[in-house]
Amino acid sequence: ETGVTQSPTHLIKTRGQQVTLRCSSQSGHNTVSWYQQALGQGPQFIFQYYREEENGRGNFPPRFSGLQFPNYSSELNVNALELDDSALYLCASSFKRGPLDYEQYFGPGTRLTVT
Amino acid sequence: GENVEQHPSTLSVQEGDSAVIKCTYSDSASNYFPWYKQELGKRPQLIIDIRSNVGEKKDQRIAVTLNKTAKHFSLHITETQPEDSAVYFCAASLTGNQFYFGTGTSLTVIP
């Protein structure tokens with residue numbers, strides 16, 4: 001077990017609503033990344049937080065936003081939900097020990113369904 | 001941005017045979033290449049990774065090779081077992097800030 005946890009496990013929302021997903025990093029990890037995984041697809045990078053600052057962002061609109069807290073836990077917020085936002089949302093934590101040393105471990109994911 | 005392509009999308013092998021999955025990447029600056037195994041309904045799990053300063057890495061029945069000149073890397077599984085059946089994803093990253101994933105390979109090992 002990697003130690004990365006996410007909540008909730010499943011969530012059903014209506015189009016136009018807002019949602020907050022939560023992630024607790026593995027102990028000692030200072031970096032959290034969020035991914036969207038549509039059915040049958042690979043994870044798509046949303047953004048990464050390192051020491052509470054956004055450290056990279058994929059090709060997602062501004063209605064996808066995030067936060068990282070001093071204890072390195074993180075939130076993903078999605079506003080104005082669209083049907084295409086239905087997916088598995090994964091967070092992954094890592095600890096960057098050096099320029100080539102940053103293994104990433106995934107949480108179990110939150111399954112979001114937008115109706 | 002980085003673009004990672006993965007082939008094949010599905011692969012069936014007989015138990016005991018070898019399986020090879022190939023990925024190409026577009027950004028020559030990418031320097032970290034992990035492979036993940038995802039079983040149905042479960043989280044992706046890191047199974048092996050390779051960094052740009054080495055060309056090959058082995059871990060028991062699993063090996064990964066990297067050709068930086070051609071910008072491709074491959075996963076090799078030898079002596080496959082039914083429990084190897086899963087979806088495998090390759091990924092590429094520059095300094096661990098962003099990870100770009102392939103579209104996945106569904107591996108089936110036939111007993």
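Quick note on labels: first sequence line is chain A, next is B, and so on, each numbered from 1.
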Table please: side-chain donor-acceptor pairs of residues 65-73 of chain B below 3.5 Å, with sequence neighbours left out.
from	atom 1	to	atom 2	distance (Å)
N67(B)	OD1	T69(B)	N	3.1
N67(B)	OD1	A70(B)	N	2.8
K68(B)	NZ	S52(B)	O	2.9
K71(B)	NZ	S26(B)	O	3.1

Pairs of donor and acceptor atoms involving the side chains of residues 10-17 of chain A, under 3.5 Å and at least two apart or interchain, shall be tabulated with distances.
from	atom 1	to	atom 2	distance (Å)
Q17(A)	OE1	T14(A)	N	2.8

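Proximity to chain A is absent for every atom of P34(B), based on heavy atoms less than 4.5 angstrom apart. Neither the backbone nor the side chain of R111(A) comes within contact range of chain B; no heavy atoms are under 4.5 Å apart. For Q37(A), the part sitting under 4.5 Å from any heavy atom of chain B is the side chain, from C-beta outward, and nothing else. Heavy atoms of Y35(A) lying under 4.5 Å from chain B belong exclusively to its side chain.
Annotation: maximal heavy-atom pairing with chain A below 4.5 Å, among Q38(B), Q6(B), K42(B), occurs at Q38(B). No other option in D49(B), V87(B), L46(B) has as many heavy-atom pairs under 4.5 Å with chain A as L46(B).
Between the side chain of Q6(A) and the backbone N or O of Y89(A), at least one donor-acceptor pair lies under 3.5 Å. The closest donor-acceptor contact from the side chain of Q68(A) to the backbone of E52(A) lies under 3.5 Å. Between the side chain of S93(B) and the backbone N or O of Y32(B) there is no donor-acceptor pair closer than 3.5 Å.
With sequence neighbours excluded, no residue satisfies ring pair (Phe, Tyr, Trp, His ring centres under 6.0 Å) with F69(A).
Among the candidates I62(B), V20(B), I48(B), the single residue satisfying the side-chain contact (heavy atoms from CB on, under 4.5 Å) test with H76(B) is V20(B).
Residues T80(B) and D17(B) have side chains that never bring a donor and an acceptor to within less than 3.5 angstrom of each other.
In the displayed structure, L83(A) atom CG is contacted under 6.0 Å by more than 12 heavy atoms of other residues, nucleotides or ligands.
Within residues 98-111 of chain B, the residues approaching chain A closer than 4.5 Å by heavy atoms are, in numerical order, Q98(B), F99(B), F101(B), G102(B), T103(B).
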